[in-house]
Amino acid sequence: MDKTKRYSEQLKHLKDESLYRTMHVIESAQGSHITIDGKEYVLFASNSYLDLCNNEYVKEKTETALHTYGTGSGGSRLTTGTTALHSELEGRLASFKKREDAIVFNTGYMANVGVIGSLTAKGDVIFSDELNHASIIDGCRLSKAEVVKYRHNDMEDLEEKLKLHKGKNGLIVSDGVFSMDGDIVNLPKLVRLANEYGMLSMIDEAHATGVLGANGYGTEEYYGMEGVTDIVMGTLSKAVGSEGGFVCADGTIVNYLRNKARSFIFSTALSPVTIASAIAGLECITADRVAALRNNVQYFCDRLHAEGFDVQSDSAIIPVIVGDEQKALAISAKLMEHGYYISAIRYPTVKKNSARLRITLMSSHTKEEMDGLAGLIGRYCK
Ligand SMILES: *Cc1c(COP(=O)(O)O)cnc(C)c1O
């Protein structure tokens, strides 16, 4: 009996559907330029929006931490894994997001899974945007609460659904910036509805931290309404240039998570080296860097406009929808031939037949690089 036959059949099916996935092995640091197979590419697909993964200041601070604290943390946060650096990072995150307290998880994925599962119980309801990130979806799957999906960023649909569950406890959860579309949650309305219906409000700031607002504080700063959301989750793996997930909230919620979130309790703490790079990365989120990123996004959108594309983005994510999966892969390969690295995003990350080039900008991209890419998009995507 061939025990792996059904898996190889599935893999063949994925290949037939242009949904098979492979990895490119990068031989350099993550930055606006990377090396693959000895060839240099301009990278327009990274979530390292402020180009901090290879920053000299961050590397120096991290090296110092390596010499002081060594490499591993040796235990979970609640046993032996909490160093002074972990506490310092949580303090800094709390003030960055204007909250009483913060808790750091090993990844954003683990933060979402731990938070959503532990804050909701049987009989509760979770209202989740249909385009929320997979880690939110998996958090909902682990929860014993009923899950109600609402139409993308559609606050009328959300309210209709809230009305059907009046009097229940629960959570409304949304990406702050949607990861594959780059649009922004209607936070004023979401928070108003959450408060009106007695639900906790939660936003995922993975792509908003370091990007939205004059200081990069995120979605609340973008709307000029800091402190209004009950739970602000985010990740240190994108603009911050390190690794890890976090939740900022009032002291009660954070303490509750320290005691109840299983993905926090039952996993070894992040290395002090990683934590040090996160602290230094956070320090590098300055109004100047955020403005440079925003100016690049505006410049690139204008260039795409000139090429005949109707695009606009207030985040660093600019999707060019292609539709067909095979076509998206072919365009991505063409762009690589020209020295530009842009990923083709396909199902199940996005819906079938909505494959796209997900272009992401960095604060360090030059006008020449953006001009070059815009021209190629004009040539191949029409
Ligand atoms: C990347 C991402 C996550 C997961 O964060 P990691 O730190 O990479 O695990 C969660 N939510 C959203 C919206 C993301 O884009």
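A quick note: this is a predicted structure, and the numbers were derived from the prediction, not measured. Both counts, for ligands and for their atoms, begin at 1 and track the order of listing.
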### Message
Return the closest protein heavy atom for atom 6 (P) of ligand 1 as residue, atom name and distance.
### Response
Gly108 N, 3.3 Å
### Query
Please walk me through it: do Glu283 and Lys61 pass salt bridge (Lys or Arg N to Asp or Glu O under 4.0 Å)?
CA-CA 11 Å; Glu283 284 179 64; Lys61 294 274 282 194; 3.7 Å; yes
#### Entry: Residue pair Arg151 / Glu160, side-chain heavy-atom distance below 4.5 Å
no
### Query
Looking at His207, which atoms of ligand 1 are within less than 4.0 Å of one of its heavy atoms?
14 (C), 15 (O)
### Task
For Asp175, take its heavy atoms, then give the atoms of ligand 1 lying under 4.0 Å from any of them.
13 (C)
### Message
With heavy-atom distances below 4.0 Å as the criterion, list the atoms of ligand 1 near Ser179.
### Response
15 (O)
### Residue-ligand contact Gly245/ligand 1, heavy atom below 4.0 Å
no
#### Entry: Proximal ligand 1 atoms for Asp204, defined as those under 4.0 Å from one of its heavy atoms
10 (C), 11 (N), 12 (C), 13 (C)
### Summary
Ranking Met110, Glu243, His133 by closest non-hydrogen atom to atom 3 (C) of ligand 1, top hit is His133
### Query
Which atoms of ligand 1 sit under 4.0 Å from any heavy atom of Ala206?
2 (C), 11 (N), 12 (C), 13 (C), 14 (C), 15 (O)
### Message
Do the side chains of Lys97 and Glu205 get close enough for a salt bridge, i.e. N-O under 4.0 angstrom?
### Response
yes
### Query
Within a strict 4.5 Å, meaning less than it, do heavy atoms of the Leu43 and Gln30 side chains meet?
yes
### Query
Checking salt bridge (Lys or Arg N to Asp or Glu O under 4.0 Å) against Glu9, which of Lys5, Arg6, Lys12 comes through?
Lys5
### Query
Is Met202 close to Thr229 at the side-chain level, that is, under 4.5 Å between some pair of heavy atoms?
no
### Donor-acceptor pair, side chain of Thr68 and main chain of Thr64, under 3.5 angstrom
yes
### Task
Applying ring pair (Phe, Tyr, Trp, His ring centres under 6.0 Å), run through Phe300 and His365 and close with a yes or a no.
CA-CA 10 Å; Phe300 186 67; His365 282 131; 8.5 Å; no
### Query
atom 2 (C) of ligand 1: which protein heavy atom is closest, and how many Å away?
Lys238 NZ, 2.4 Å
### Task
Check ligand 1 against Thr235 and write out every atom of the ligand that is under 4.0 Å from a heavy-atom position of the residue.
5 (O), 6 (P), 7 (O)
### Task
Can you pull out the closest protein heavy atom to atom 9 (O) of ligand 1? Residue, atom name and distance to 0.1 Å, please.
Tyr109 N, 2.9 Å
#### Entry: Common cluster, Val177/Tyr109, ILVMFWY with side-chain heavy-atom separation under 4.5 Å
no
### Query
Counting each atom of ligand 1 from 1 as listed, which ones have a heavy atom of Ser135 under 4.0 Å away?
10 (C), 11 (N)
#### Entry: Per-atom contacts, ligand 1 versus Ser237 - under 4.0 Å to a heavy atom
6 (P), 7 (O), 8 (O)
